[in-house]
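Note sheet for the following structure.
Chain letters run A, B, ... following the sequence lines, proteins first, then strands; residues in each count from 1.
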Amino acid sequence: MKKEVKIKIVEVLKREGLFYPEIEDKIKVETPKEESYGDLATNVAFLLTKHLKQKPQDIALNLKTILEKEPIFSKVEVVNGFINLFLSENFYHQVVKKAVLEKDRFGESLDKNRGKINIEYVSANPTGPLHLGHGRGAVVGNILSNMYSYIGYKVEREFYINDAGNQIKKLGQSVYARFRQIEEPDYPFPEDGYHGEYIKDIAKEIYHYEREKILSMLSEEDAIDFCAEYAKNYLLDKIKEDLKLINVEFDIWTSEKHLYEHGKVEAALNFLNSKGLIYEKDGALWLKTSLYGDEKDRVIKKSDGSYTYFAADIAYHYDKYERGYDFIINVWGADHHGYFPRLKAAITAFGVSENWINVVFIQLVKLFKDGQEVKMSKRSGDFITLRELVEEVGKDAVVYFFASKDPDTHLNFDIDVALAKSNENPVYYVQYAHARISSVFREAKEKFGFDPESDFEADLSLLTQEEEKSIMKFLSTLPEDIEEATLKNQPHKITNLTYELASRLHKYYYQHKFLIENDENLLKARLYLLKAVRNALRTLFKLMGITPVERM
RNA sequence: GCGCCCGUAGCUCAGCUGGAUAGAGCAACGGACUUCUAAUCCGUAGGUCGCACGUUCGAAUCGUGCCGGGCGCACCA
């Protein structure tokens, strides 16, 4: 709606000879904080002060008399230079109808050809279970994917498996050592190996099923490779199970190892070499990333002959580019922010626009219980896994809290709040809104013999209460609010919007009755509006991956 | 030392491509259940928007410099 109003304003300015191209992008049409300031407000008068050499208030007053003649506005007011616009009732009724008809896809773009993008998230090394940071990345990546899909992009969700480097080798050595220790308790464990209990579990499993095979292998190296491969697959399965706990899935799993096996790394580096961007120094090969904005050049092939992680990553991103995405988003832990300039440099060296690659950084998750921070250290293996947290507080709470803050700010996860069945807990607040509507619908069917689930018509002009208008107003801008949040990569806005809608519903519920005995028209009108709210809530829940509960 | 993020009410945070009196929630205090679920609602109180300059009609928002916290500055991934 904001868009349409802005177009209308520009149209009016042009007609009146008051249009200056440079102000177009600055014209804002937004929902004012105060209800009394109208349905929408615009700042155009301020933007014209320089051109017209008049005070904002005077310009606004002139524009008011012109805008008043437009039928989409029922009223135009000027306060302190702001032009406050009131929209006609009919407009809001259309929005409510739309929400009822579109079910749990309210406001979703019908045009699904806006473009094709790729969102890569989690991409945890398959060397252990998922921890909370991965969980937050999973939730953020998943919601972002849902959001882009909502606004009309074809989204491919991708998990990059780092299965080629030292970490996997270490994993193999660790598992192999635990395997050997079953028969020889003194068998040495690698110094910087993985200490978690899960390593022993994997070793036991291998011992149970593959003991003969391993012992008959002549070389220890082959045995370690076998263990690495076995453990990797075992842990990837675990990771997939953990992700399923929070409804996160992927379309594409790309293996770093396969990039090497299919010659992608060689090919990418050959191309860069042909452009004269690679040179040798100190026995290693370097890429001239400093030519493309990086602070210094980077090693791509170490002096021991092996490639760096960076080399594979270049090939990986070039591969993504060749797949033809309009742009890509990587969801990374904030500890990787220093890595971004170099990857961006490498990508631009291929001639790719730097706007093509985007990164959303995820800051740390700190866990609190009983008012105390729960300290976690990966080295000691002493950390809470995503699975443990989900088992303790439930899927919906984990998803909601991970989603509720700007990804690029630290997140304090308070277990006590997530567990609280009270108004302290926003998850219950939003779910209760949905459950309340479901409850009203059940009652309507049982006691009034009217099923709100059926298709029915209603006279929406009966919806004149303040709380009703407040809800309609909210619904009228919801799809645009979602779109705006999407394009800014701000998944946490979804939780804000959901909370806001729930709040308006709760207020409405408290002030007014829906199941009215002697006024069928009003009954239907109100149930119709409730249905619109329910659908909007379901749409938002679906974006987040939260269950819309029917009763609580 | 350099780079990135953060600093807003007692707590957790919105708001940040400049806009109206800086907003929520929790906690505190005071109210509301012969009603479709009180897991709710209504009200009160609570602020040098880290500090200082600057940019302009206007700064929490932009710029510069400080202060405080986190992260990163590998031939690790």
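- For A:Phe310 and B:G72, the CZ to P distance is 19 Å, given to the nearest whole Å.
- Per the stacking criterion (ring centres < 5.5 Å, plane angle < 30°), A:Phe82 does not stack onto the base of B:G19.
- Under a 4.0 Å N-O distance rule, the pair A:Lys320/A:Glu158 does not qualify as a salt bridge.
- Of all nucleotides listed (B:C57, B:A20, B:U40), B:C57 comes nearest to the side chain of A:Phe46.
- Candidate nucleotides B:A77, B:G72, B:C5 were compared by shortest atom distance to the side chain of A:Asp335, and B:G72 ranks first.
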Quick one, A:Arg538 with A:Glu550, criterion salt bridge (Lys or Arg N to Asp or Glu O under 4.0 Å). Give me CA distance, side-chain angles, the key distance, then yes/no. CA-CA 11 Å; A:Arg538 285 186 180 175; A:Glu550 298 293 328; 3.4 Å; yes
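- Atom CD1 of A:Ile143 sits about 11.0 Å away from atom OG1 of A:Thr486, to the nearest 0.5 Å.
- Using a 4.0 Å heavy-atom criterion, one finds that A:Asp163 contacts no nucleic acid atom at all.
- Contact check for A:Leu529 versus A:Tyr508: side-chain heavy atoms found under the 4.5 Å cut-off.
- Base orientation of B:C4: anti, the glycosidic angle falling outside 90° of 0.
- The two residues A:Val393 and A:Ala397 make their nearest non-hydrogen contact at O-CB, 3.7 Å.
- For A:Arg342, the listed nucleotide lying nearest its side chain is B:A77; candidates were B:A77, B:A20, B:C42.
- A:Asn535 approaches A:Val100 most closely through the heavy-atom pair ND2-O, 3.2 Å.
- Residue contacts shown for A:Tyr339 include a base, since a base heavy atom lies under 4.0 Å away.
- Within residues 289-301 of chain A, the residues that have a heavy atom under 4.0 Å from RNA chain B are, in order of number, A:Glu295, A:Lys296, A:Val299.
- Atom name P, nucleotides B:U17 and B:C33: the rounded distance is 46 Å, in whole Å.
- In RNA chain B, runs of at least 3 stacked Watson-Crick or G-U pairs (N1-N3 plus N6-O4 or O6-N4, or N1-O2 plus O6-N3, all under 3.5 Å) give these stems: B:1-7 with B:67-73, B:10-13 with B:23-26, B:28-32 with B:40-44, B:50-54 with B:62-66.
- A:Tyr499 has no side-chain polar atom (N or O) that falls below the 4.0 Å cut-off from OP1 or OP2 of B:G23.
- Atoms CD (A:Gln363) and C1' (B:C4) sit 9 Å apart, rounded to a whole Å.
- Computed from coordinates, the A:Leu47 CG to B:G19 P distance equals 12 Å when rounded to whole Å.
- Look at the P atom in both B:A24 and B:G58: the space between them is 28 Å, to the nearest Å.
- Between A:Ile168 and A:Lys232 the shortest heavy-atom distance is CD1-CG, 4.3 Å.
- A:Glu30 places its CD atom 14 Å from the P atom of B:G15, with the value rounded to the nearest Å.
- Counting any heavy atom pair closer than 4.0 Å across all strands shown, A:His337 reaches a base atom.
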Look for any protein N or O under 3.5 Å of an N or O in nucleotides 36-38 of chain B and output each such pair with its distance, or none.
{"from": "B:C36", "atom 1": "O2", "to": "A:Phe514", "atom 2": "N", "distance (Å)": "3.4"}
{"from": "B:C36", "atom 1": "O2", "to": "A:Leu515", "atom 2": "N", "distance (Å)": "3.2"}
{"from": "B:C36", "atom 1": "N3", "to": "A:Phe514", "atom 2": "N", "distance (Å)": "3.1"}
{"from": "B:C36", "atom 1": "N4", "to": "A:Tyr509", "atom 2": "O", "distance (Å)": "2.8"}
{"from": "B:C36", "atom 1": "N4", "to": "A:His512", "atom 2": "O", "distance (Å)": "2.4"}
{"from": "B:U37", "atom 1": "OP1", "to": "A:Ser439", "atom 2": "OG", "distance (Å)": "2.0"}
{"from": "B:U37", "atom 1": "O2'", "to": "A:Tyr432", "atom 2": "OH", "distance (Å)": "2.4"}
{"from": "B:U37", "atom 1": "N3", "to": "A:Met552", "atom 2": "O", "distance (Å)": "3.2"}
{"from": "B:U37", "atom 1": "O4", "to": "A:Met552", "atom 2": "N", "distance (Å)": "2.7"}
{"from": "B:A38", "atom 1": "OP2", "to": "A:Arg436", "atom 2": "NH2", "distance (Å)": "2.7"}

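- Projected onto RNA chain B by closest heavy-atom contact, A:Ala502 and A:Trp286 fall at different nucleotides, the more 5' of which corresponds to A:Ala502.
- Annotation: cation-pi geometry not satisfied between A:Arg504 and A:Phe474 (NZ/CZ under 6.0 angstrom from ring centroid, within 45° of ring axis).
- Contact annotation for A:Ala444: no contact, since no heavy-atom pair falls under 4.0 Å across all strands.
- For A:Lys507 and B:U40, the shortest distance from a side-chain N or O to OP1 or OP2 is not below 4.0 Å.
- No hydrogens or angles considered: nothing links the side chains of A:Lys473 and A:Thr31 as a donor-acceptor pair under 3.5 Å.
- A:Lys488 pairs by the salt bridge (charged side-chain N to carboxylate O under 4.0 Å, His left out) definition with A:Glu484, not counting sequence neighbours.
- Across A:Ser174 and A:Gly193, no two heavy atoms sit closer than the pair OG-CA, 3.4 Å.
- Between the CD1 atom of A:Ile314 and the P atom of B:A77 there is a distance of 13 Å, rounded to whole Å.
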Protein proximity profile, nucleotides 6-14 of chain B - base contact B, sugar-phosphate-only contact S, no contact -, cut-off 4.0 Å on heavy atoms: ------SSS
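- Partners of A:Glu468 under the salt bridge (charged side-chain N to carboxylate O under 4.0 Å, His left out) rule, at least two apart in sequence or in another chain, are A:Arg526.
- Between B:A22 and B:A9, the distance separating the two P atoms is 14 Å to the nearest Å.
- Following rounding to the nearest Å, A:Leu364 (CG) and B:G69 (C1') show an atom-to-atom distance of 12 Å.
- Closest to the side chain of A:His336, from the set B:A77, B:A20, B:G19, is B:A77.
- Residue contacts for A:Ser303: at a heavy-atom cut-off of 4.0 Å it reaches a base atom on one of the strands shown.
- Checked against A:Glu453 for a salt bridge (charged side-chain N to carboxylate O under 4.0 Å, His left out), the options A:Arg442, A:Lys531, A:Arg534 give a single hit: A:Arg534.
- If you take atom C1' in B:U61 and the same atom in B:G19, they sit 10 Å apart, rounded to whole Å.
- Atom CD of A:Glu77 is separated from atom C1' of B:A20 by 14 Å (rounded to the nearest Å).
- Taking atom C1' in both B:G30 and B:G23, one finds a spacing of 23 Å when rounded to whole Å.
- Closest heavy-atom contact between A:Ile357 and A:His317: CD1-CD2, 3.9 Å.
- For A:Tyr400 and B:G25, the OH to P distance is 12 Å, given to the nearest whole Å.
- Of all heavy-atom pairs spanning A:Asp163 and A:Lys257, the tightest one is OD1-N, 2.7 Å.
- Not one N or O on the side chain of A:Arg298 forms a donor-acceptor pair closer than 3.5 Å with the backbone of A:Leu343.
- Spacing between B:C49 and B:U8 at atom C1', rounded to whole Å, works out to 4 Å.
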Using the rule given for side chain to side chain contact (heavy atoms under 4.5 Å, CB included), can you reason through A:Leu18 versus A:Ile59, listing the C-alpha separation, both sets of side-chain angles and the distance that settles it, and then say yes or no? CA-CA 10 Å; A:Leu18 297 171; A:Ile59 298 169; over 6 Å; no
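- B:C51 sits 15 Å from B:A59 when the C1' atoms are compared, rounded to a whole Å.
- When the P atom is compared between B:U55 and B:U64, the two are found 15 Å apart, to the nearest whole Å.
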